[in-house]
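Just so you know, residue 1 is the first one in the sequence shown, and it goes up from there. The shown structure was predicted, so the numbers you read here are calculated from the model rather than taken from an experiment.
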Amino acid sequence: MDWQLLGLSFIAVFLSELGDKSQLAAIALGGSSKFPQMVFLGTASALLLTSFLGVLLGQGIAEILPTNIVKIIAATGFAFMGLRLLLSGEEEVEESENS
């Protein structure tokens, strides 16, 4: 068993999920529910299922494309989303200044 890979996967997902909209939804549901244990089981199950599907999809893509190509595609996608978020933030600032 590759403990380093297990730890790296845990840390990457844990840090990426902090403050995510799914965590905020879990906070809202847990705060308004009489059964927070059920909210935990539901949100944990959903995260497990989405992670499982991501791993299956990643494994399938890795069999078709070389790993370097998959990394390049992922990095390009994240860079594009980051730039788009930065640019949309500037547009909102300009709109609020013009009002």
Side-chain angles (χ1 to χ4, degrees):
M1 181 172 215
D2 190 349
W3 291 101
Q4 186 176 5
L5 182 59
L6 176 70
L8 180 63
S9 301
F10 176 84
I11 291 169
V13 172
F14 180 78
L15 291 177
S16 67
E17 290 297 320
L18 285 178
D20 190 16
K21 63 183 180 251
S22 58
Q23 186 183 27
L24 298 176
I27 290 169
L29 288 170
S32 63
S33 173
K34 293 181 182 179
F35 302 102
Q37 300 88 351
M38 293 297 110
V39 174
F40 169 75
L41 289 175
T43 56
S45 300
L47 182 59
L48 282 170
L49 179 60
T50 57
S51 296
F52 177 71
L53 293 174
V55 169
L56 286 180
L57 182 66
Q59 182 182 17
I61 289 173
E63 290 180 8
I64 298 170
L65 297 173
T67 306
N68 289 341
I69 300 293
V70 175
K71 288 180 181 179
I72 290 170
I73 292 170
T76 304
F78 279 112
F80 175 75
M81 289 186 291
L83 286 173
R84 188 165 178 194
L85 284 171
L86 286 173
L87 295 176
S88 69
E90 289 178 4
E91 292 172 2
E92 291 174 7
V93 170
E94 289 175 5
E95 289 176 6
S96 64
E97 288 175 353
N98 291 336
S99 299

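Residues Pro36 and Gly30 share a closest heavy-atom pair of CB-O, 4.3 Å. What you find for Gln23 and Glu17 is that their closest heavy atoms are OE1-O, 3.5 Å.
Cluster partners of Val55 are absent, since no Ile, Leu, Val, Met, Phe, Trp or Tyr has side-chain heavy atoms less than 4.5 Å from it. Cluster partners of Leu48: none. The rule joins Ile, Leu, Val, Met, Phe, Trp and Tyr whenever side-chain heavy atoms lie under 4.5 Å apart, and it links nothing here.
Residue Thr43 holds its OG1 atom at 11.0 Å from CE of Met38, rounded to the nearest 0.5 Å. In this structure, Leu83 CG and Ser88 OG are separated by 10.5 Å, a value rounded to the nearest 0.5 Å. Atoms CZ and CG, on Phe80 and Leu85 in that order, are 10.0 Å from each other to the nearest 0.5 Å. Note that the CG atom of Leu57 and the CZ atom of Phe52 stand 11.5 Å from one another [nearest 0.5 Å].
Counting heavy atoms from C-beta outward, Leu6 and Asp2 have side chains that stay 4.5 Å or more apart.
Evaluation of the side chain to side chain contact (heavy atoms under 4.5 Å, CB included) rule for Ser51 yields Leu47 as partners, not counting sequence neighbours. Applying the side chain to side chain contact (heavy atoms under 4.5 Å, CB included) criterion to Leu49, with sequence neighbours excluded, gives Leu53. Evaluation of the side chain to side chain contact (heavy atoms under 4.5 Å, CB included) rule for Gln59 yields Leu56, Glu63 as partners, not counting sequence neighbours.
No path of Ile, Leu, Val, Met, Phe, Trp and Tyr side chains, each step under 4.5 Å between heavy atoms, connects Leu18 with Ile27, placing them in separate hydrophobic clusters. Residues Phe35 and Leu41 are members of one and the same hydrophobic cluster, defined by side-chain heavy-atom contacts under 4.5 angstrom among Ile, Leu, Val, Met, Phe, Trp and Tyr.
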Below 3.5 Å, can you tabulate the donor-acceptor pairs from side chains in residues 64-78 to any protein atom, sequence neighbours excluded?
{"unit_1": "Thr76", "atom_1": "OG1", "unit_2": "Ile72", "atom_2": "O", "d": "2.7"}

